[in-house]
*Asks:* 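Before I ask anything, let me first share the structure, which is written out below as structure tokens.
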Amino acid sequence: MSVNKSAASVVSRVEGKELIIERMFHAPRELVFRAYAEPDLLAAWWGPKGWRTANKRFEFEPGGVWHYCMRCEDKEQGDFYGMESWGIATYKEISVPEKIVYVDAFSDETGAVSEQMPEMVITMLFEDHGDLTKLIAVSEFATEEELKKVAEMGVVEGMSSQFECLDELLATLK
């Protein structure tokens, strides 16, 4: 088991076919959960710095679908500038404000799932620590090789950057 603490306050580890990423937020649990549950709030912070997210479809309920596009708007990101990355999630379980479970996949603009990229089951746990919230993201892959492929793409660094965007949003909502 390896632990990575280099990315701000993000702690990550791999356990078999699971990638676990944890981070504390200076906001109450209900507010952090809302940032995942409300489409306008989610679009305001989802994605790494320099990327903007647009929701094509958002149904926050078990069996509901979230289909979105992240687009790089930062010219300083070189070859990434103008690039689009589509994703689609199907919510499996929602327990307000403690837990969200969904199947996440890369897709195209029509919602067709990419066969070249792995799907993952993501469990988001929101732990109440008074004025703080500990967010635990558990991403489960079908194989250790699929997990390694996504990790090599920089998923931990991307989530760390994304969580900085969430921090900025939460500061405006307090």
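Below, all heavy atoms of this structure are taken into account, side chains as well, without hydrogens, waters or symmetry copies.
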*Asks:* Which heavy atom of Glu119 sits nearest a heavy atom of Phe141, and at what distance?
*Replies:*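 That would be O-CD2, 4.2 Å.
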
*Asks:* Could you tell me whether Glu61 atom CD has more than 12 heavy atoms of other residues or ligands within 6.0 Å of it?
*Replies:*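 Above 12, so yes.
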
*Asks:* Report, as yes or no, whether the 6.0 Å neighbourhood of atom CZ on Phe58 holds more than 12 heavy atoms from other residues, nucleotides or ligands.
*Replies:*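 Counting neighbours around CZ of Phe58, more than 12 heavy atoms of other residues, nucleotides or ligands fall under 6.0 Å, so yes.
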
*Asks:* Relative to the ring of Tyr91, is the ring of Phe60 parallel (under 30°), tilted (30 to 60°) or perpendicular (over 60°)?
*Replies:*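 Perpendicular.
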
*Asks:* Can a donor-acceptor pair be found between the side chains of Gln77 and Trp51 at a distance below 3.5 Å?
*Replies:*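 There is such a pair between these side chains.
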
*Asks:* Taking the side chain as C-beta and beyond, is there a heavy-atom pair between Ile100 and Phe33 under 4.5 Å?
*Replies:*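 Contact flag for Ile100/Phe33 side chains = yes.
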
*Asks:* About how many Å separate OH of Tyr36 and CG of Leu42, when rounded to the nearest 0.5 Å?
*Replies:*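 With rounding to 0.5 Å, CG (Leu42) is 8.0 Å from OH (Tyr36).
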
*Asks:* Just wondering, do Glu152 and Lys148 contact through their side chains at under 4.5 Å, heavy atoms?
*Replies:*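 Lys148 reaches Glu152 side chain to side chain.
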
*Asks:* Does a sphere of radius 6.0 Å around CD in Glu115 hold more than 12 heavy atoms from other residues, nucleotides or ligands, not counting ones at 6.0 Å or beyond?
*Replies:*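 Atom CD in Glu115 is not crowded, with 12 or fewer foreign heavy atoms closer than 6.0 Å.
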
*Asks:* So, for Pro48 and Cys165, which heavy atoms are closest and what is the spacing to 0.1 Å?
*Replies:*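 Minimum heavy-atom separation between Pro48 and Cys165: C-SG, 4.2 Å.
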
*Asks:* Show your working on salt bridge (Lys or Arg N to Asp or Glu O under 4.0 Å) between Lys17 and Glu140 and close with a plain yes or no.
*Replies:* CA-CA 6 Å; Lys17 299 183 292 184; Glu140 183 181 350; 5.1 Å; no

*Asks:* Tell me, do Leu132 and His26 make a side-chain contact under 4.5 Å, heavy atoms counted?
*Replies:*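 Leu132 reaches His26 side chain to side chain.
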
*Asks:* Inspect the surroundings of CG in Asp74 and state if more than 12 heavy atoms from other residues, nucleotides or ligands are less than 6.0 Å away.
*Replies:*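 Yes, because the 6.0 Å sphere around CG of Asp74 holds more than 12 heavy atoms from other groups.
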
